[in-house]
Amino acid sequence: MGLWAQIKLCLVPSKEGTQSTNHKAQGTLVGITYDLREDYIKAGYSAEETAEFDHISTINAIDEALKNLSYGTTCIGNIKSLTAKLAAGERWDMVFNICEGMHGLGREAQVPALLDAYNIPYTFSDALVLALTLHKSFTKNIIRDNGLATPDFFLVRSISDVEKINLPYPLFAKPVAEGTGKGITASSKIKDSSQLREICAQLLNKFKQPVLVETFLPGREFTVGITGTGEKAEVLGVMEIILNKNAEKEVYSFDNKENYQGRVEYELAGGKIAEECGKLALAAWDILGCRDAGRIDVKLDCAGIPNFLEVNPLAGLRPIHSDLAIICDLQKIPYIDLIRKIMDSAMVRMEKVG
């Protein structure tokens, strides 16, 4: 099936659902904003540069779920397409926004800021939260200041800053404002000062942004799926990330994420550890002001205490592949119910705007 045949159903607004009746949804036109990975690959960007962007299967899955929930849908596309459509006078009752953006440290906030200017409600976190949380160091400052556990860290803005780091080895280095494991390899675990300088220099040169250097945590790693906003936020599930013998060792790297089959095992956590991770994640979600759905990554320190690593308030929604979707699969939560939870949370804001 060609690309046009795959996406054409999303291009025609539909006001009728096919399986489920939702009286709040009926008559509500939802525009879908997204960055299609294939478009950027054709434009010459690399697989790593476009790693956070969406596959056509994700757009189609979201569109189908919204229609089955009785929403009308229309595809908008990326921020340039959104800008052109707004200028032409097009409007939507709600926008389902999964745009990651391409340029700048505030790239995830660009679509929400534009929609705010036109007073159009949208799913997921607002421009302020998305700009803040993409910057891992700023986020960790807020988390730490609110008394939540997070690894000690230092922000390297230039290679001369490496000499100022006074943290015990091993350390862990990654770009301060990337997702999907971009910039993370087996070499991200730093054993000594010479390796620290080498890796920081490589990351500064490649990503043109500061490098976050943290204390390396040796314990188990988890990601916590969350839906809802404020007091209504709840844990979807706590999933442990287990690297097997075929994976890059000790790090949930870009390569491990992109080629997870045969390298990574995902298991639901239970008992006390799941409770502790969920409690930490919900506290961080509330402190940061995140909305509707997303993930928080957690890792245990040498004492077995869960530590906040980072938050993804614009989590991937690719069925089967994305962590949030995998959590739902493990919890036997249908994909349509995940989209329903997201929309139910976002629709509260639409009612306030209305």
Side-chain angles (χ1 to χ4, degrees), residues 37-38 40-41 45-58 61 100 136 151 170-175 178-191 195 199 202-203 206-207 211-212 214-225 236-270 273-274 277 281 294-302 304 306-312 314-333 335 338:
R37 191 176 192 182
E38 185 172 333
Y40 289 88
I41 293 288
Y45 291 96
S46 69
E48 185 174 22
E49 287 175 312
T50 61
E52 294 183 275
F53 295 166
D54 286 291
H55 294 253
I56 187 63
S57 59
T58 306
E100 299 280 353
K136 296 175 176 61
L171 298 172
F172 188 81
K174 59 186 176 183
E178 297 294 343
T180 319
K182 290 167 68 174
I184 297 177
T185 68
S187 298
S188 297
K189 182 181 178 182
I190 309 294
K191 299 177 182 178
Q195 186 189 3
I199 296 301
Q202 289 175 5
L203 293 175
K206 182 175 182 178
F207 291 96
V211 177
L212 180 67
E214 301 175 290
T215 299
F216 178 81
L217 300 185
R220 297 159 65 189
E221 186 166 353
F222 305 85
T223 189
V224 182
L236 271 180
V238 179
M239 183 174 74
E240 184 169 7
I241 298 159
I242 303 169
L243 304 179
N244 65 28
K245 62 181 181 180
N246 298 318
E248 283 191 297
K249 306 303 180 185
E250 299 186 279
V251 296
Y252 194 28
S253 65
F254 172 74
D255 201 31
N256 284 339
K257 288 186 176 185
E258 284 288 284
N259 304 288
Y260 69 95
Q261 292 179 322
R263 295 184 177 203
V264 184
E265 296 177 14
Y266 300 103
E267 295 183 1
L268 282 178
I273 192 63
C277 289
R295 293 187 299 101
I296 288 184
D297 296 335
V298 176
K299 198 171 185 185
L300 306 188
D301 62 19
C302 57
N307 277 238
F308 171 96
L309 291 183
E310 57 186 77
V311 59
N312 188 342
L314 204 58
L317 293 173
R318 185 180 177 188
I320 302 173
H321 184 91
S322 297
D323 285 352
L324 196 60
I326 294 172
I327 290 172
C328 287
D329 285 343
L330 292 173
Q331 292 282 48
K332 309 301 182 185
I333 299 172
Y335 187 82
L338 172 60

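These values consider heavy atoms only, across backbone and side chains, with no hydrogens, waters or symmetry-generated copies.
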Are any non-hydrogen side-chain atoms of V264 and I242 less than 4.5 angstrom apart?
-> no
Any side-chain heavy atom of Y45 sitting closer than 4.5 Å to one from F53?
-> no
CZ/F172 to OG1/T215 distance, rounded to the nearest 0.5 angstrom?
-> 12.0 Å
Heavy-atom pair of closest approach, residues I273 and P306 | CD1-CG, 4.3 Å
For K249 and K189, run side chain to side chain contact (heavy atoms under 4.5 Å, CB included): C-alpha distance rounded to whole Å, both residues' side-chain angles, the deciding distance at 0.1 Å, then the answer.
-> CA-CA 10 Å; K249 306 303 180 185; K189 182 181 178 182; over 6 Å; no
Side chain proximity check, L268 to Q331, heavy atoms < 4.5 angstrom | yes
Under 4.5 Å between any side-chain heavy atoms of L203 and P175, yes or no?
-> yes
salt_bridge(K299, D297) N-O dist < 4.0 Å = no
In Å, rounded to the nearest 0.5 Å, how long is the span from NZ of K174 to CD of E310?
-> 4.0 Å
Value rounded to 0.5 Å, distance of OG in S188 from CD in E214 | 11.0 Å
Here the gap from L300 atom CG to N307 atom CG, rounded to the nearest 0.5 Å, amounts to 8.0 Å
Test log, rule side chain to side chain contact (heavy atoms under 4.5 Å, CB included), inputs L309 and Y252 | CA-CA 12 Å; L309 291 183; Y252 194 28; over 6 Å; no
Taking all heavy atoms of P218 and all of D301, pick out the closest pair and write down the distance.
-> CD-C, 4.2 Å
Minimum side-chain heavy-atom gap C328-L236 below 4.5 Å = yes
What pair of heavy atoms forms the shortest contact from I184 to V251, and how long is it?
-> CG2-CB, 4.3 Å
Taking the six-membered ring for Trp, are H55 and H321 parallel (under 30°), tilted (30 to 60°) or perpendicular (over 60°)?
-> tilted
Which is it for I241 and Y266 under the side chain to side chain contact (heavy atoms under 4.5 Å, CB included) test, yes or no, and what are the steps along the way?
-> CA-CA 5 Å; I241 298 159; Y266 300 103; 4.1 Å; yes
Does the ring of F216 carry K191 above it, NZ/CZ under 6.0 angstrom from centre and within 45° of its axis?
-> no
Nearest heavy atoms of G262 and N244, plus distance in Å = O-ND2, 3.0 Å
What are the two closest non-hydrogen atoms of A325 and R318, and how far apart are they?
-> CB-O, 3.4 Å
Of all the heavy-atom pairs spanning T185 and S253, show the shortest one and how long it is.
-> CA-CB, 4.0 Å
Is atom NZ of K332 surrounded by more than 12 heavy atoms (other residues, nucleotides or ligands) closer than 6.0 Å?
-> no
Going from CG on L324 to CG on D329, what distance comes out if it is rounded to the nearest 0.5 angstrom?
-> 10.0 Å
After noting the C-alpha distance and the side-chain angles of I320 and I326, does the key distance pass the side chain to side chain contact (heavy atoms under 4.5 Å, CB included) rule?
-> CA-CA 6 Å; I320 302 173; I326 294 172; 6.0 Å; no
Salt bridge flag under 4.0 Å for residues E178 and K206 = no
Interatomic spacing from CZ in R295 to OG1 in T223 - rounded to 0.5 Å = 4.0 Å
